[in-house]
Number of protein chains: 2
Amino acid sequence: MPRPKTIDRAAILGAALDVADADGVAAVSMHAVARRLAVTPMALYRHVANKADLLDGIVELLMAEIVQDVPAPGPAAGRDAWLDALVRTAGRARAVASRHPEAFTLLLSRPAASAAAREVRAHIHDLLRQAGVGGDHVERLERIVTTTVLGMAAGQASQRFAHHPPDMLDEDVRALATFVTAGIEPFRTP
Amino acid sequence: MPRPKTIDRAAILGAALDVADADGVAAVSMHAVARRLAVTPMALYRHVANKADLLDGIVELLMAEIVQDVPAPGPAAGRDAWLDALVRTAGRARAVASRHPEAFTLLLSRPAASAAAREVRAHIHDLLRQAGVGGDHVERLERIVTTTVLGMAAGQASQRFAHHPPDMLDEDVRALATFVTAGIEPFRTP
DNA sequence: ACCTGAACACCGTTCAAGT
DNA sequence: ACCTGAACACCGTTCAAGT
């Protein structure tokens, strides 16, 4: 005779992100997450494969937060709409990083194979193609741009730039945008 | 009556890196490192403050490997010697990443305050100044360039780009160099 | 089908004790 | 000064059992 279900994968991942936000990634454990959900650690194993899967799930959640209502052709749909869209996506990544500074590091250390992650990648591919980047360079450049943007956001959030103000200054943001835009330039063939 | 010293900080950090290389960062523990050194876990606490200090020590070691005999004005000390030197430093980072794929991730998740880390930063500052980057942009750009280069190396090493060949292809390396060089361009005032 | 309970080897860190 | 030993609360995961 079946039991009523008391938790599901989404609840578990949410609780895991809560633990990471509250006490850091190191504090994310099967026991701690189970405690927060008021179940036995073993109850989690029906919904996540193991701890690695749990951490990948956090990445899944962060990616989903970044991609959330992302596309929207943008106000300036003219010449450089792609640049506008790219900057907005980067801004959203920064926002997620500052909401989840502890967890954000995971984005750079684990492969992101979730639907949301593929969606973010596909979105950047689109923007690069709109910018006139040649087909064989699109994926390569997406990796580079994504690494730079996520890496900077994670660096700020995790205090890696220790001597620096913890939030990215306007001038940092402008410099990053200038750098990325100029970096893409040689690959454009309009 | 004093005892002969059987381990020191360097031996501990070396053993920690060995564990990371062999079984992954997650396997680096006070117990595991102590086991490898044939001492009690508590013996480590005389030489490292705690586990966080142990992980920071690994970062210290990786930075030292990157900086090792790095400067050397370079063969082409002419116009764009700085570019040559930058590419060589990036190449060295890649080499370290492929020797220590598991540990390399730590470089992007922890502040690097060691002497070696400061040395790497100072070296990049020099190169950027040689390139004609204005004083108030030097540190900002160093953070961006370092993040991009280390992030790409870490991404390759940790299989973050899962669908991709695990070693950076020549064309990836060329594209990264082109991107960074072009990205710096707007900040130069020669 | 879904959760609990007991169990195991392992972990970070403390304190007191040995040499 | 430097290491050991016992101890504690905690961790990932297995297996068998309950509903």
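Per chain, numbering begins at 1; letters A, B, ... match sequence-line order. These numbers were taken from a predicted model, which means no experiment stands behind them.
- Atoms OH (B:Y45) and P (D:dG5) sit 17 Å apart, rounded to a whole Å.
- For B:T40 and D:dC3, the shortest distance from a side-chain N or O to OP1 or OP2 is not below 4.0 Å.
- Rounded to an integer number of Å, the gap from CG of B:D53 to C1' of C:dT13 is 14 Å.
- Between B:R35 and the phosphate of C:dC11, there is a side-chain N or O to OP1/OP2 separation shorter than 4.0 Å.
- Taking 4.5 Å as the limit, every side-chain heavy atom of B:M63 sits out of range of all side-chain heavy atoms of B:R118.
- Within the 4.0 Å cut-off from OP1 or OP2 of D:dT13, not a single side-chain nitrogen or oxygen of A:R46 is found.
- Dashed line: the shortest gap from a side-chain N or O of B:T6 to OP1 or OP2 of D:dC3 is under 4.0 Å.
- Applying the 5.5 angstrom centroid cut-off and the 30 degree plane-angle cut-off, the aromatic ring of A:H31 is stacked upon the base of D:dC11.
- Remark: B:I7 CD1 to B:I12 CD1 distance equals 4.0 Å, nearest 0.5 Å.
- Within the 4.0 angstrom heavy-atom criterion, base atoms lie near A:M42.
- The shortest side-chain heavy-atom distance between B:L107 and B:V96 does not fall under the 4.5 Å cut-off.
- The side chain of B:H47 approaches D:dC3 more closely than any other nucleotide in the set C:dC3, D:dT13, D:dC3.
- Pairing of C:dA6, defined by two Watson-Crick or G-U wobble distances under 3.5 Å, is identified with D:dT14.
- The distance from atom CG of A:D84 to atom OG1 of A:T89, rounded to the nearest 0.5 Å, is 10.0 Å.
- You'll find that the side chain of A:I7 is closest to C:dC3, out of C:dC3, C:dT13, D:dC3.
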